[in-house]
Amino acid sequence: MKELAPRAALYALANAAMAAWFLSRGDHAWDTFALDDAYIHHVYAEGIAYGEGLAYNPGEPAAGTTSPLWALVLTPFHVIGLAGSTLVGASKVLGCFTMVVAALLADRLASSWSGGAGTGPGPGIAAGLLVAIDPAMMFSALSGMEVPLAAALLLAALRSLERLHFPTAGLLLGLTTLTRPELAVVVVLVIGWQARRGIGRRGLLWLALPSLVLLCAWSLWCLHATDRLLPTTYFAKHVTGLSLLDQFGDVLDAGLAVLGGRWLAPLVLAAGFAVHAFGPRALAPLWLVLGFVAAVAWAHDLRETERFFWMRYALPVRPLLLVVVGMGLWSVPHRVGRAIVCALALLVAAGASVPAAAEYGQSCTNIAALNVAAAHWLDEHAPRGAWLASADAGAVRLLTERPVVDLVGLNDHRVLEDRAAVLRARDPAYYVVFESWFPAMVASPRFEVVHRLESTPYVLCRECEQSEMLILRRR
């Protein structure tokens, strides 16, 4: 353990330097999340803190989160009463801390898979540094999303497997599925991988049972809240009636998202070196990465995968890929060659952080100028306790502390069944919409625009047409 202390300090220092760079890229980089979805996680965490369980609106069980574990992890912030910029800042610190833990786990895995003492500490340090300063993971950590936690749990599970702690590994694998449900595919692949290693029926049972129990518990909650076994987000996002080819049509996009776009050539080259040098020890984790890519391609309609808004779904396995990359960098012949390629890899990471940090800063500005500003306006103008309706349902729900009809239906299964009926029953005082999403509502004489919010350039996604947010009131 003593040898890990200086490495932990190194990874924490490198991570803090990268975080400082990101947080300097905008007036709202510290006090605002880069995605509205992060506020939704806190809505569910607040529900748990108030003793209501996973509830989007007070007293109404919901299955709108696909990361119930992340909501549970955020709950202590609400128990102690954090709010506003303090709550946002604490979430960002937690994300960076989790990222440093993932870096340490990446270090241990790379050292183990590359032969440990036979190759020295080099592969581990290379992998740990890559994870600690990775721009895509830093964006995730500071965005308030669950990606670093999912990545750290997966790496911890694989590390426990290397140490033959099967019950611990099984529990950690099960927890990954409560952080990102697509990781259930990785769990299946891990079980198959360990079966080939001959760990026996008892070991396989320890690996599989926790995931089955936790997934069944989550499905029972979904059934209790919505009368369906899957989260509401699945039905809101998943297009039915597609052919098998269409379902997996985003495999290439999902793969590019894991590679982070700007890292494409260096990552592929370094992974190739690792496979050449270490064979099955490097190839096995790559199969886990590819399996997750297929799961993400099936579950999501990915576009603009260079944007974090779409890339985030594929990122939980990125540190696992960086472990293999770290092994590959250290497999380059000769000490000078290794030093050169490692330095180049770190330079590439630093270079990729420039556009990533700029996008992060502008994303925070977009959310502050639209979602957060809309919430503040509504807090001043909407009657206390009145229902609201919103297309982006995170900041509006959390910051106004008023019940909200999620117009997209991500957090309310009844909206997916009959949105008009829900709106008639709730009679919202105000509607928060993007005109591109609800053109008929904006054009209808039954509504009047009472407030407009605009933020350009809008970088969360180019195709969304969300640079202007409207607040409507029914005439």
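What's counted below: heavy atoms across the whole structure, side chains too, no hydrogens, waters or symmetry copies. In this text, all values refer to a predicted model and were calculated from it rather than measured experimentally.
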* **Spatial distance of atom CG (Leu94) from atom CG (Leu142) [nearest 0.5 Å]** => 11.5 Å
* Take Val190 and Leu288, measure what side chain to side chain contact (heavy atoms under 4.5 Å, CB included) needs, and give me the verdict at the end. => CA-CA 7 Å; Val190 167; Leu288 301 183; 3.9 Å; yes
* To do: Would you mind reporting whether Leu178 and Trp218 have side-chain heavy atoms less than 4.5 Å apart?
  => yes
* Side-chain touch Pro319/Met137, heavy atoms, less than 4.5 angstrom -> yes
* Is a side-chain donor or acceptor of Arg318 paired with a backbone partner of Val258 at a separation under 3.5 angstrom? -> yes
* Asked: Between Tyr39 and Phe33, how do the two ring planes meet: parallel, tilted or perpendicular, split at 30° and 60°?
  -> perpendicular
* Asked: If you draw a 6.0 Å radius around CZ in Phe309, do more than 12 non-hydrogen atoms from other residues or ligands fall strictly inside?
  -> yes
* Return each pair, listed once, that meets salt bridge (charged side-chain N to carboxylate O under 4.0 Å, His left out) where at least one residue sits in residues 154-171; pairs must be two or more places apart or across chains. => Glu162-Arg197
* With no hydrogens and no angle check, do the side chains of Tyr44 and Asn411 hold a donor and an acceptor under 3.5 Å apart? -> yes
* What pairs meet the salt bridge (charged side-chain N to carboxylate O under 4.0 Å, His left out) rule with one or both residues in residues 180-192, with sequence neighbours excluded? -> Glu146-Arg180, Arg180-Glu182
* Structure fact -> side chain to side chain donor-acceptor pair (under 3.5 Å) pairs touching residues 72-90, sequence neighbours excluded, are His42-His78
* What's the verdict on side chain to side chain contact (heavy atoms under 4.5 Å, CB included) for Asp134 and Leu130, showing C-alpha distance, side-chain angles and the deciding distance? -> CA-CA 6 Å; Asp134 179 58; Leu130 285 175; over 6 Å; no
* **Side chain Lys92, main chain Thr32, donor-acceptor under 3.5 Å** => yes
* Test item: Arg281 side-chain N/O and Trp113 main-chain N/O as donor-acceptor pair under 3.5 Å -> yes
* Please assess Arg108 against Arg7 for the test side chain to side chain contact (heavy atoms under 4.5 Å, CB included), listing each intermediate value before the final yes or no. => CA-CA 11 Å; Arg108 296 291 81 200; Arg7 296 195 202 179; 3.0 Å; yes
* Taking the side chain as every heavy atom from C-beta outward, state whether Val43 and Leu398 have any atom pair closer than 4.5 Å. => yes
* **Any donor-acceptor N/O pair, Asn15 side chain to Phe97 backbone, under 3.5 Å** => no
* To do: Using the test ring pair (Phe, Tyr, Trp, His ring centres under 6.0 Å), find all partners of Tyr360 that sit at least two apart in sequence or belong to another chain.
  => Phe22, Phe139
* **Pair Trp310-Leu256, side chain to side chain contact (heavy atoms under 4.5 Å, CB included): steps then yes or no** => CA-CA 11 Å; Trp310 302 105; Leu256 290 175; over 6 Å; no
* Asked: Would you find a donor on one side and an acceptor on the other, under 3.5 Å apart, between the side chain of Asp107 and the backbone of Gly128?
  -> no
* Asked: When rounded to the nearest 0.5 angstrom, what is the spacing between CG in Leu322 and CG in Leu109?
  -> 12.5 Å
* **Exam field: side chain Trp70 to backbone Val147, donor-acceptor pair closer than 3.5 Å** => no
* Asked: Has the side chain of Asn366 got a donor or acceptor atom that lies under 3.5 Å from a matching backbone atom of Pro457?
  -> yes
* Please name all residues satisfying salt bridge (Lys or Arg N to Asp or Glu O under 4.0 Å) with Glu468, sequence neighbours left out, ordered by chain then number. => Arg452
* For Trp30, all residues meeting ring pair (Phe, Tyr, Trp, His ring centres under 6.0 Å), sequence neighbours excluded -> none
